[in-house]
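First up is the structure itself, then whatever we jot down about it.
Labels below follow one simple rule: chain letters A, B, ... track the order of the sequence lines, proteins then strands, and each chain is numbered from 1. Atom set for the values below is all heavy atoms of this structure, side chains included, hydrogens, waters and symmetry mates excluded.
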Amino acid sequence: MKDQSDMTTLYLAQSGQKFLIQKVKIKGDLKRRLLDLGFVPGSVVEVLKASPLGDPVSYRVAGTVIALRKEESQLLFGEVIQR
Amino acid sequence: MDQQQRLDALAAVTPAEELDHIRESIVSNLFQKSRELCSKSVVIQDKNQLYKSEKLDRIFTSKVWGFPIMLGLLGVVFYLTIAGANVPSSMLANFFGWVEGYITLAFTAMNAPEWLHGLLVLGLYRGTSWVVSVMLPPMAIFFPVFALLENYGYLPRVAFNLDRLFKKSGAHGKQSLTMAMGFGCNAAAIMSTRIIESPRERMLAILTNNFVPCNGRWPTLILLASLFMAVGFTGGMHTLVTAFVVMGMVLFGVIITLLVSWMLSKTALKGTPSHYTLELPPYRKPKMLNTILRASLDKTIYVLRRAVKVAAPAGVLTWVLANIYIGDTSILLHFVQFLDPFGQLLGMDGFILMAFIIGMPANEIVLPILLMGYLSTGALTEVEDMAALKQIFLDNGWTWLTALNMMLFSLLHFPCGTTLVNIFKETKSWKWTFVAFAIPTVIAIGVTFAVAQVIRGFGWV
Amino acid sequence: MKEYTIALAGNPNTGKSTLFNALTGLKQHTGNWAGKTVTLASGYYRYKNIPLKIVDLPGTYSLFSNSEDEEVARDYIVFEKPDVTLLVLDATSLERSLNLALQVLEMTDQVLICLNLMDEAKKKGLKINAKQLSKNLGVPVIPISARNREGLDVLSDTLLKMCSGTIKTKPYKMKYREEIEAKIIKLEKELSEILGPDYPARWLAIRFLDGDSKLIAALKNKLASNGEGGGVHGSTTALGRSGGGHSC
Ligand SMILES: Nc1nc2c(ncn2[C@@H]2O[C@H](COP(=O)(O)OP(=O)(O)OP(=O)(O)O)[C@@H](O)[C@H]2O)c(=O)[nH]1
Ligand SMILES: [Mg+2]
């Protein structure tokens, strides 16, 4: 696994890109919820589409589509996997 | 207890700073295993089909089309409801009027005392039949259409589109889902706020849910809009204008919801939005006929049951109040006269306020009580169609301002009794239940007062 | 005749209420969004003249509750000890559904899995091998389409067999990373000493390990009220028989 400084956040990933989650830098209840939804280290998330007003953004994760606000996606670290 | 103490000791087994890490590894392991199981037993044959929903989302949640489609759908639902409900409503009113004639004949034939006829026919029968004829047709059309949208999967997209606005007001994006439930029934919507994890944002959703008109209120909105707001238009145009007015009301309710949420977030319910996750399930084509039949049957039974349970007793009560005299004025009129100055200040009258107060247990009886109040004062008109209804209002000095303010008051006023009970059950707090009553009441009074002053000030009525 | 209780559990929006309606003939509201059902509902279903009590639960993403509706579901599955927990999985998003399934299998042996929305899965070009899945998970897996009433007979047959004990399951038990396993085993031993055999010690050990304070509070509550009411009832059911190495 990479050093944290090389990682970017899910928020910065572009629509259509796939993103490998490596670190979930959140505490407490929200962390639990995100984990349960499949935002776990080792998961690949695909960025789908922003809402009409720009935020939230929808992601495909664990075979489902989940929308996150930028406050959340900024705390999910990892790397964009090129394809 | 010894057992409990030993459990407490174990509960602290993981040091707090390690908890997140342990959770993460447990859930990661679970998902690893899930993926492994999936790869063993699931074969994807066609990626294109798999991602069909996303293509639709590109339209339904698009920057350009997202909002117009939302408003358009809302408008279409209202248009269909209004266009479809008009004729059956008149037919039902006619039918009940026709039956009433025979019942009255029977009472006369049996030499029944006048008060009995009054109580049973003018009170109970009329109260019930008005609720049925005014409420049933729009409900039996609106809810099937709504159920189609709901089962198709459109509601989460609305929440997705609107989230930014709710975030700005310090509220949770899922509040729009609970508001959508409010269209059906605010009392049920209060329960549905359970889906909002954070207590602060859940409270916002509870306190503002009332600004969504429920099924007991918006037949009133439709009726008044169609009688007073769309005058001068005929046919399809009339329906369209009515639909626009009703839609305007709903949007105004949404704006008030956002404003109140925003103000509460800055004051009594201070805080920043907590975490937010929203699932967007794939669109699923509903079973058309099945969904439509079930939803309209459901609503029909619901309306009929409410008519018997609430409207009948309210009809009797109103008749009794209108026919017991203190001095030469009935109790009902005493009450009305007491309220009248205040009602006039708000651009309405004492009868309307009386109806809202007696109608507290359930919103669908407000209009029937109002009519009964008006009728108790003068000639006993039989209400055979919607034009006759309008005449009753006009005879009592209504203008379009009266109608507008009654619509606004209906949209904004205190929650019904059942809703308040549920708010208490869910919050377990008298204080918050009172706040849930007070906020809408104050806003309803403030808004109608302001509107009345402005419109009269400009001499528009 | 004994009345059997069956709880419908699963992720939100997997068709639990639709299945409930199909079985009981009642009219729970359904909708294509997560969180439609927020309270318990129960109804009766007679199959081959045997009455089954079916309980529709709110959907839940995991046994770790976040919101109040999920808590309702969690408490029922964990503490009410239904004769069978009928897990309704979404065939079109198995990966996430299985996350919950694995957790439930940790807790009780009396689990029956149905893969709902098979019609949607087919439309989407997904081919799912239910036999394989059943072999891997150690419990019956039955493909159905609740809305089209497909597969309900097989489902009901299997349900009855599970209730009457004709089918014995051997649920897959999750194994975690070594260091975590070690901690789990230690905790599990202590917990089974404290609680006796009526509670799923291994599953509880994992909850204690990840500090699920709401669950621990609910457990203590339950124990306190049992103390007053005199003993744990219904111990023949699910919770008692699960768990790993211990037996007493
Ligand atoms: N195509 C198809 N749709 C289904 C099937 N079963 C359920 N649905 C639809 O899936 C949606 C969700 O169904 P519900 O029964 O409300 O789901 P639930 O699991 O009770 O959801 P929550 O109460 O939110 O947890 C509804 O729109 C149903 O019409 C099925 O077998 N096939
Ligand atoms: Mg449900």
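- Contact of the L223(C) side chain with the L7(B) side chain is registered, since non-hydrogen atoms from C-beta on lie closer than 4.5 Å.
- Ranked by heavy-atom pairs shorter than 4.5 Å toward chain B, the options V38(C), T39(C), V72(C), L195(C) are led by V38(C).
- Within 6.0 Å of the NZ atom in K214(C), the count of heavy atoms belonging to other residues, nucleotides or ligands exceeds 12.
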Would you check, one step at a time, whether the test side chain to side chain contact (heavy atoms under 4.5 Å, CB included) holds for H29(C) with E150(B)? CA-CA 11 Å; H29(C) 291 287; E150(B) 182 178 358; over 6 Å; no
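- From R294(B), atom CZ reaches atom OG1 of T30(C) across 7.5 Å, with rounding to the nearest 0.5 Å.
- Of the two parts of N290(B), neither the backbone nor the side chain holds a non-hydrogen atom closer than 4.5 Å to a non-hydrogen atom of chain C.
- Atom NZ of K131(C) has 12 or fewer neighbouring heavy atoms from other residues, nucleotides or ligands inside a 6.0 Å radius.
- Rounding to the nearest 0.5 angstrom, the gap separating the CG atom in D69(C) from the OG atom in S192(B) is 9.5 Å.
- Note on L133(C), L209(C), L94(C): by heavy-atom pairs under 4.5 Å with chain B, the leading option is L209(C).
- Between chain C and the options K174(B), E36(B), K52(B), K40(B), the largest number of non-hydrogen pairs under 4.5 Å is found for K40(B).
- Of the residues considered (N129(C), L219(C), I180(C)), N129(C) shows the highest number of contacts with chain B, using heavy-atom pairs under 4.5 Å.
- Side-chain contact between R284(B) and N13(C) is present, with at least one heavy-atom pair separated by less than 4.5 Å.
- Taking T37(C), N136(C), L191(C) one by one and counting their heavy-atom pairs under 4.5 Å with chain B, the maximum is reached by N136(C).
- Taken from CZ in R177(C) to OG in S25(B), the straight-line distance is 4.0 Å, to the nearest 0.5 Å.
- Two residues are said to be in side-chain contact when any heavy atoms from C-beta on lie closer than 4.5 Å; E197(B) and E70(C) fail this criterion.
- The neighbour count for K122(C) NZ, taken as heavy atoms of other residues, nucleotides or ligands under 6.0 Å away, does not exceed 12.
- Under the 4.5 Å side-chain criterion, counting only non-hydrogen atoms from C-beta, I44(B) is not in contact with K127(C).
- Open room surrounds CD on E178(C); 12 or fewer heavy atoms of other groups in view lie less than 6.0 Å from it.
- R35(B) places none of its side-chain heavy atoms less than 4.5 Å from the side chain of N99(C).
- Residue with the most contacts toward chain B among L98(C), I194(C), L102(C), D212(C): I194(C) (heavy-atom pairs, distance under 4.5 Å).
- Between the side chain of S41(B) and the backbone N or O of I128(C), no donor-acceptor pair lies under 3.5 Å.
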After noting the C-alpha distance and the side-chain angles of E279(B) and R96(C), does the key distance pass the salt bridge (charged side-chain N to carboxylate O under 4.0 Å, His left out) rule? CA-CA 12 Å; E279(B) 180 163 1; R96(C) 199 188 60 205; 3.1 Å; yes
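- Of the possible donor and acceptor atoms, one in the side chain of N32(C) sits under 3.5 Å from a partner among the backbone N and O of P282(B).
- For the pair K27(C) and L297(B), the minimum side-chain heavy-atom distance is 4.5 Å or more.
- When every heavy atom of K287(B) is checked against every heavy atom of R147(C), the shortest pair comes out as NZ-O, 3.4 Å.
- No other option in I22(B), L155(B), I26(B), L177(B) has as many heavy-atom pairs under 4.5 Å with chain C as I26(B).
- When heavy atoms are compared at a cutoff of 4.5 Å, E120(C) approaches chain B solely by way of its side chain, counted from C-beta outward.
- Once rounded to the nearest 0.5 Å, the distance linking CG of L10(B) with CG of L204(C) reads 10.5 Å.
- Smallest separation of non-hydrogen atoms from N29(B) and K175(C): OD1-O, 4.4 Å.
- The distance from the CG atom of L30(B) to the CD atom of Q103(C) is 5.5 Å, given to the nearest 0.5 Å.
- Residues Y172(C) and L37(B) are not in side-chain contact: their nearest non-hydrogen atoms beyond the backbone lie 4.5 Å or more apart.
- Remark: the backbone N or O of D210(C) is paired with a side-chain donor or acceptor of R23(B) at under 3.5 angstrom.
- When all heavy atoms are compared, the tightest approach of W33(C) to P281(B) is CA-CG, 4.1 Å.
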Under the salt bridge (charged side-chain N to carboxylate O under 4.0 Å, His left out) criterion, do R6(B) and E190(C) qualify, and how do the steps go? CA-CA 9 Å; R6(B) 290 172 69 188; E190(C) 294 189 48; over 6 Å; no
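- Side chains of R194(B) and E71(C) form no contact here, defined as non-hydrogen atoms less than 4.5 Å apart.
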